[in-house]
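For the numbers below, each heavy atom of this structure counts, side chains included, while hydrogens, waters and symmetry mates do not. Residue numbers run from 1 in the order of the sequence given.
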Amino acid sequence: MYLIHMIILAILGVNPLQFMKKTAEVILFAFTSRSSAGALPLNIQTQTERLGVAPAIANFSGSFGLSIGQNGCAGIYPAMLAVMVAPVAGVELNWQFILTLIVVVVLSSFGVAGVGGGATFASILVLSALNLPVGLAGVLISVEPLIDMGRTALNVNDSLLAGTGTAKLTKQLDEETFKSNHYDELASQH
């Protein structure tokens with residue numbers, strides 16, 4: 001999914017490598033904290049001060065990304081888990097199942113909490129909506145924190161991408177701020 005994010009940035013005319021460099025701090029914080037909500041202030045600060053996103057767009061994309069548009073926690077993980085559990089439960093993976101899964105995942109993605117472990121609840125919701133055994137989600141509980149780190153980093157990257165992409169499309173991206181190495185200069189002074 002990160003690769004897809006970088007392709008989207010390139011299509012929009014935003015340098016993906018510069019984006020990754022400027023967002024590394026907030027992505028690392030999200031990864032280690034496992035909390036999109038906890039990363040929100042740094043997310044908004046990164047968008048406005050490092051990426052050059054207008055404050056209104058940064059606040060909206062950062063805040064909105066806490067509950068909707070979480071590819072990692074509310075999209076990929078529940079869908080992946082359902083596809084792994086279905087054959088074990090004797091459910092055939094056909095087009096009807098896949099389309100139903102997509103609808104259920106999209107509907108269940110609204111309102112997933114931006115806190116550690118939120119995807120577990122989304123997964124349980126998806127499994128129960130598809131009449132799959134919810135107990136099989138417990139098999140991954142022991143490695144859940146490790147999986148959650150990657151999901152949370154992806155979710156925060158989603159909102160960073162949404163803010164940057166929106167600012168670029170609406171011509172509200174401060175290109176000078178985006179291209180500057182101001183933070184590199186400050187870091188080298190300390």
Considering all heavy atoms of both residues, which atom of [X] and which atom of [Y] are nearest to each other, and what is their separation?
| X | Y | answer |
| --- | --- | --- |
| Leu132 | Ala82 | CD1-O, 3.9 Å |
| Ser36 | Asn155 | OG-CB, 3.8 Å |
| Thr48 | Ala58 | CG2-CB, 3.6 Å |
| Val126 | Pro78 | CG2-CB, 3.8 Å |
| Ala79 | Leu101 | O-CD2, 3.9 Å |
| Val104 | Ala129 | CG1-CB, 3.7 Å |

Going only through I, L, V, M, F, W and Y residues with side-chain contacts under 4.5 Å, is there a path from [X] to [Y]?
| X | Y | value |
| --- | --- | --- |
| Leu42 | Phe31 | no |
| Met1 | Leu28 | no |
| Leu154 | Ile4 | yes |

With side-chain contact (heavy atoms from CB on, under 4.5 Å) as the criterion, how do Lys21 and Asn181 come out once you've worked through the C-alpha distance, each side chain's angles and the decisive distance to 0.1 Å?
CA-CA 10 Å; Lys21 182 179 174 184; Asn181 291 324; 3.9 Å; yes
Any salt bridge between Lys22 and Glu49, counting N to O under 4.0 Å?
no
How are the rings of Tyr2 and His5 set relative to one another: parallel (under 30°), tilted (30 to 60°) or perpendicular (over 60°)?
perpendicular
Would you check if Asn15 and Leu9 make a side-chain contact, meaning some heavy-atom pair closer than 4.5 Å?
no
Minimum side-chain heavy-atom gap Ser63-Leu40 below 4.5 Å
yes
Rest of the hydrophobic cluster containing Leu125 (Ile/Leu/Val/Met/Phe/Trp/Tyr, side-chain heavy atoms under 4.5 Å)?
none
Walk me through whether Glu92 and Phe97 qualify under side-chain contact (heavy atoms from CB on, under 4.5 Å).
CA-CA 8 Å; Glu92 183 183 342; Phe97 176 82; over 6 Å; no
If you count every heavy atom of other residues, nucleotides or ligands that lies below 6.0 Å from Met20 atom CE, does the total exceed 12?
no
Is there a side-chain hydrogen bond (donor to acceptor under 3.5 Å, both in side chains) between Gln47 and Thr164? Walk through the geometry before answering.
CA-CA 7 Å; Gln47 286 190 59; Thr164 306; 5.1 Å; no
Looking at [atom1] of [X] and [atom2] of [Y], how far apart are the two atoms once the value is rounded to the nearest 0.5 Å?
| X | Y | atom1 | atom2 | value |
| --- | --- | --- | --- | --- |
| Lys168 | Ile57 | NZ | CD1 | 12.5 Å |
| Met6 | Leu161 | CE | CG | 7.0 Å |
| Leu51 | Leu173 | CG | CG | 7.5 Å |
| Leu160 | Thr23 | CG | OG1 | 5.5 Å |
| Ile27 | Thr32 | CD1 | OG1 | 11.0 Å |
| Glu25 | Arg50 | CD | CZ | 4.5 Å |

Determine yes or no for a side-chain-to-main-chain donor-acceptor pair under 3.5 angstrom, with [X] supplying the side chain and [Y] the backbone.
| X | Y | answer |
| --- | --- | --- |
| Ser159 | Val156 | yes |
| Asn157 | Ala153 | no |
| Thr152 | Met149 | no |
| Gln172 | Val53 | no |

Going by the side-chain contact (heavy atoms from CB on, under 4.5 Å) test, name the single residue among Leu169, Thr166, Ile7 that passes it with Leu12.
Leu169
